[in-house]
Amino acid sequence: MKSHPWRKIFRLGSRLTIAALLISATSCSERETAGTDYTQFVNPLIGTGGHGHTFPGPVVPHGMVQPGPDTRLDGWDSCSGYYYNDSTINGFSHNRLSGTGCCDYGDVLLMPTVGEQCIGTEEPTGQQMPYCSSFSHDDEVAVPGYYSVYLSRYGVRAELTATCRAAIHRYTYPATSGAGMILDLDYSLQRQTNRDMLIEQVNDSTLRGRKRTAYWAPDQPVCFYMVFSRPFTFRLVNDTLPPSSGASPRPRMKALLRFAPLAEGEQVMVKTGLSAVDMEGARANVEQEIPGWDFDGVRRAAAAAWNRELSRIEVRTADPVRRRVFYTGLYHALIAPTVFSDVDGRYLGMDHHIRRTKEGETYYTIFSLWDTFRALHPLLTILRPELNAEMIRSLIAKSEEGGIYPKWDMASNYTGTMIGYHAVSLVADAWVKGCRSFDVRKAYRAALRAAEYDTTGIRCPDWMIPYVMPRARYWKNAVGYVPCDRDKEAVAKALEYAYDDWCIALLARELGDTANARRYEAFAQGYRTYYDPSTGFMRGLDSGGKWREPFNPYASDHRNDDYCEGNAWQWSWFVPHDPEGLMELMGGRERFVRRLDSLFTADPRLEGDQVSADISGLIGQYAHGNEPSHHITHLYNYAGVPWRTQELVDQVLRTLYSDAPDGLSGNEDCGQMSAWYVMNAMGFYQVCPGRPVYSIGRPLFDEVTLRLEGGKTFVIRAKNNSEKNKYIRSATLNGRPLEGPFFTHEELMAGGVLEFVMSDRPEKWNGKETEGV
């Protein structure tokens, strides 16, 4: 292949050294944004329908407290508590997950009432609580930091806004002598097991309490402190309901509150602080963050916080719909991970001991790493590199507290969910990009620990050990591959291990650990074992070294076959760290391109009795609705066919994202689905976190300005841009023609202008043939 000056960037084990970036000590979050109100471009209802699993309630960036409406109890589409197709609201709980495929939270639910407070005499059998109210989307308002809805049953207007660790509600009542509220402590999404519940009356306007649930997070505590703007009378319901079917009886704990008669339009406000530490922590959180009763002031502060974050990227376009999808995507990308430490720095560690952060530090939870290592955290390395480093510091702390990096950390619980050990990706990516404000030696030791099969010292329930530390890691290290008859999802696990081991090799080289660098570089090549040239797919090998039979690349058996939430079509491309090696394995550049083409033109059928619902957003067998496919459109760049990347990225941007409740083609997954859109709409994507290089796709907007920390800007400009003109005729960076469809993170963070001239037909790259990397 033709040699390019930038080819060395892609070589496995490269000693490429990126100079440390000079990051301003003053965060962008501290500067005021003048002029544009970016929150007007956000529609929080995007993703609340279909299977996006987002929610419309108010939240500040990375906020601990996420209040909002709960419309259903059960099912996959209750993961955030809200589903757009529903017509009733059960009440307003104070925590939830954004866009996940697993469910938890939905704690401390509050519902205003007028008249009879119906709590029922048995466990609800459907989605609705006995006290629920109908509502209409016509009477619903959702903007960043604020939510409002009219509850038809009670004639009450509900409004919510939030700070980081507290929420404030405002309820406007009709004239009534029967004004009240129900605080439902036993309520939770998907009827979690309540291990402990307590409600205490502090005075005539204050309640406090705690609960502990077992569900996806096997031991999730939450404490609350709730202050009302009016005094109330209080009746505690503390009993056990008979089950509606053959299930076990469920404990019930609810506070039924009554207020003095209210005139038309009078209001009751409620302030709620949460803490995973104790009730005093919840009290301090609400008293410090919402000291008074200025609902509108809290709402303005939440909007200002969002404006500061959204203003880091400014897009210029004549298409208001695409602008709305973009800023909603950026909004969704900045919800998780979430703050988990109280205002005094105390937090619940992975060992469930109470700990305290260092002065000025914040501890985070909700790390959906299998999803977010791909685009969300790379996006943060551009927009908020120091925040990303702080999250890495939290992950390092979690590895020390719990014994190993979490794969999916939920409220300081190991969940054992998903595969790989992708905390090492975050560490390697930040390090090579020059963001190094964390203890890399500790991070590296934790990475080595995560890659070895060792079940000792992990602080989680015994039954979870095989999920937190699957035996696949033993097979990978001991015999060189993961036999498909020894472990489920063997191919997917092995491919992700190869990438993560490449990240470890990169860190080892950087830190001078030559022996481990060589060892993990060899592990990184392990993906080759699974490629079957006779079929052109990555396939399962049994412990005798034979291919699994029968083989059907269209088959899917959710979480029980050789793949993870996908099939052989999608997983055969997961070699982000060595596209050249994959190209060679598939028979060279031309055959590689033909194989890629076949992915996007294959019959989109899925076969099997338990097809994974996550395989969605199909273009042929490319599945954009789930993360394993997210890098594949950019592989054409590596093979010297950049125009195919451009047209396919354009197709995904325009057909698989929309300004509608069902505007996402799969679960939002804590920001990953939206982070993909944000990066690709700007015109680039990082195929391999850990390799600080961006692959150029199709810039969607006429101009994008990235406001970087330190006051620099990076402008992406697309001339002759239109829906028809989706191809790149020429590309220059600071006036210099780009030799190929790539540029580096160092070039981006230095600031400047990346300029494209667009065309309505496929073009050679800057008028020349390109053979990729």
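Keep in mind it's a predicted model, so treat the numbers as computed, not measured. The chain is numbered in sequence order, starting from 1.
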request  = Using salt bridge (charged side-chain N to carboxylate O under 4.0 Å, His left out) as the criterion, list what pairs up with Asp70, not counting sequence neighbours.
outcome  = Arg96

query = Are the aromatic ring centres of His624 and Tyr657 under 6.0 angstrom apart?
reply = yes

Residue pair Thr193 / Thr213, side-chain heavy-atom distance below 4.5 Å = no

task = Side-chain contact test, heavy atoms from C-beta onward, threshold under 4.5 Å: evaluate it for Pro337 versus His377 and give yes or no.
result = yes

query = Judged by atom type as modelled, is there a donor-acceptor pair below 3.5 Å linking the side chain of Ser78 to the main-chain atoms of Gly75?
reply = yes

Donor-acceptor contact present, side-chain Gln192 to main-chain Tyr105, <3.5 Å = yes

message = Quick one: does any side-chain atom of Thr54 pair with a main-chain N or O of Thr48 as donor and acceptor, under 3.5 Å?
response = yes

note = The reported gap from CD in Gln40 to CG in Leu310 (rounded to nearest 0.5 angstrom) is 11.0 Å

key: All pairs passing salt bridge (Lys or Arg N to Asp or Glu O under 4.0 Å) where residues 136-162 contributes a residue, at least two apart   = Glu159-Arg170

note = Smallest heavy-atom separation, His94 atom then Val65 atom, equals O-CG1, 3.6 Å

inquiry  = Before you tell me yes or no, could you show the steps for Arg605 and Glu607 under salt bridge (charged side-chain N to carboxylate O under 4.0 Å, His left out), namely the whole-Å CA-CA distance, both residues' side-chain angles and the distance that decides it to 0.1 Å?
reply    = CA-CA 7 Å; Arg605 73 180 187 273; Glu607 297 177 352; 2.6 Å; yes

task = Hey, could you give me the CZ/CD1 distance between Arg165 and Ile290, rounded to the nearest 0.5 Å?
result = 12.0 Å

message = For Pro124 versus Pro130, what's the shortest heavy-atom pair and its separation?
response = CG-CD, 4.2 Å

query = Is it true that a side-chain atom of Asn388 and a backbone atom of Arg384 form a donor plus acceptor pair closer than 3.5 Å?
reply = no

message = Just so I know, are the side chains of Met111 and Asp184 near enough to count as touching, which here means a heavy-atom distance under 4.5 Å?
response = no

ask   = If you measure from OG1 on Thr317 to CG on Leu700, what distance do you get to the nearest 0.5 Å?
value = 7.0 Å

Where at least one partner belongs to residues 142-162, residue pairs that pass ring-ring contact (aromatic ring centres under 6.0 Å, His included), sequence neighbours excluded = none

ask   = Got a sec, which residues hit ring-ring contact (aromatic ring centres under 6.0 Å, His included) with His62, two or more places apart in sequence or on another chain?
value = none

Salt bridge (charged side-chain N to carboxylate O under 4.0 Å, His left out) partners for Asp74, two or more places apart = Arg191

inquiry  = Please determine whether salt bridge (charged side-chain N to carboxylate O under 4.0 Å, His left out) holds for the pair Glu627 and Arg374, giving the CA-CA distance in whole Å, both sets of side-chain angles, and the decisive distance to 0.1 Å.
reply    = CA-CA 8 Å; Glu627 282 66 26; Arg374 304 166 199 266; 5.7 Å; no

task = Would you sort out whether Trp408 and Thr100 count as a side chain to side chain contact (heavy atoms under 4.5 Å, CB included), showing the intermediate values?
result = CA-CA 11 Å; Trp408 219 120; Thr100 55; 3.8 Å; yes

request  = Start with the C-alpha distance between Thr39 and Val143, add both sets of side-chain angles, then the distance that settles side chain to side chain contact (heavy atoms under 4.5 Å, CB included), and finish with yes or no.
outcome  = CA-CA 7 Å; Thr39 65; Val143 295; 5.8 Å; no

ring-ring contact (aromatic ring centres under 6.0 Å, His included): pairs with one or both residues in residues 300-319, sequence neighbours excluded = Trp306-Tyr331

task = Would you check if the distance from the ring center of Phe326 to the ring center of Phe701 is below 6.0 Å?
result = yes

Let me check something: any side-chain donor-acceptor pairs from residues 658-665 under 3.5 Å, sequence neighbours excluded? List them with distances.
| residue | atom | partner | partner atom | Å |
| --- | --- | --- | --- | --- |
| Asp659 | OD1 | Asn43 | ND2 | 3.1 |
| Asp659 | OD2 | Arg324 | NE | 2.5 |
| Asp659 | OD2 | Arg324 | NH2 | 2.9 |

query = Which distance, rounded to the nearest 0.5 Å, do you find between the OH of Tyr563 and the CD1 of Ile419?
reply = 12.5 Å

ask   = With sequence neighbours excluded, what pairs up with Glu647 under the salt bridge (charged side-chain N to carboxylate O under 4.0 Å, His left out) test?
value = Arg644

message = Donor-acceptor check, side chain of Lys211 to backbone of Tyr187, threshold 3.5 angstrom: yes or no?
response = yes

message = List the residues meeting salt bridge (charged side-chain N to carboxylate O under 4.0 Å, His left out) with Asp294, not counting sequence neighbours, and say none if there are none.
response = none

note = Nearest heavy-atom contact between Val60 and Ala302 is CG1-CB, 3.8 Å

ask   = Is the closest side-chain heavy-atom distance between Trp370 and Asp669 below 4.5 Å?
value = no

note = Note: Gly617 and Leu656 closest approach over all heavy atoms is O-CD1, 3.6 Å

request  = Step by step, work out the salt bridge (charged side-chain N to carboxylate O under 4.0 Å, His left out) result for Arg312 and Glu309.
outcome  = CA-CA 6 Å; Arg312 295 176 191 278; Glu309 297 303 317; 3.0 Å; yes

task = Give a yes or no on whether the ring-centroid distance for Tyr622 and Phe600 is below 6.0 angstrom.
result = yes

request  = May I have all residue pairs that pass salt bridge (Lys or Arg N to Asp or Glu O under 4.0 Å) and include part of residues 76-91, sequence neighbours excluded?
outcome  = Arg72-Asp86

ask   = Which is it for Asp650 and Arg654 under the salt bridge (charged side-chain N to carboxylate O under 4.0 Å, His left out) test, yes or no, and what are the steps along the way?
value = CA-CA 6 Å; Asp650 180 84; Arg654 293 188 183 279; 3.0 Å; yes

query = Just how far is it from atom CZ of Arg322 to atom OH of Tyr327, taken to the nearest 0.5 Å?
reply = 15.0 Å

message = A quick test of your reading: do over 12 heavy atoms of other residues, nucleotides or ligands sit less than 6.0 Å from CG of Asp603?
response = yes

Check: Cys132 main-chain N/O paired with Asn90 side-chain donor or acceptor under 3.5 Å = no

key: Under the side chain to side chain contact (heavy atoms under 4.5 Å, CB included) test, residues paired with Pro604 that sit two or more places apart   = Leu618

task = May I ask you to establish whether Lys271 and Trp293 are in a cation-pi arrangement, using a distance under 6.0 Å from NZ or CZ to the six-membered ring centre and at most 45° from the ring axis?
result = yes

remark   = What one should report as the nearest heavy-atom pair of Leu207 and Ala255 is CD1-CB, 4.2 Å

request  = Nearest 0.5 Å please: distance from the CG atom of Leu376 over to the CD1 atom of Ile335.
outcome  = 11.0 Å

key: Whether Asn626 side chain and Glu565 backbone form a donor-acceptor pair below 3.5 Å   = yes

ask   = Is a side-chain N or O of Asp104 found less than 3.5 angstrom from the main chain of Trp216, in a donor-acceptor match?
value = yes

ask   = So, the side chain of Ser93 versus the backbone of Leu109: is there a donor-acceptor pair under 3.5 Å, distance only?
value = no

ask   = Counting distance only, does the side-chain N/O of Ser311 pair as donor-acceptor with the main-chain N or O of Arg308 below 3.5 Å?
value = yes

remark   = Smallest heavy-atom separation, Thr172 atom then Gly265 atom, equals CG2-O, 3.6 Å

query = Applying ring-ring contact (aromatic ring centres under 6.0 Å, His included), which residue pairs with at least one partner in residues 67-92 are found, sequence neighbours left out?
reply = His51-Trp76, His53-Trp76, Tyr84-His137

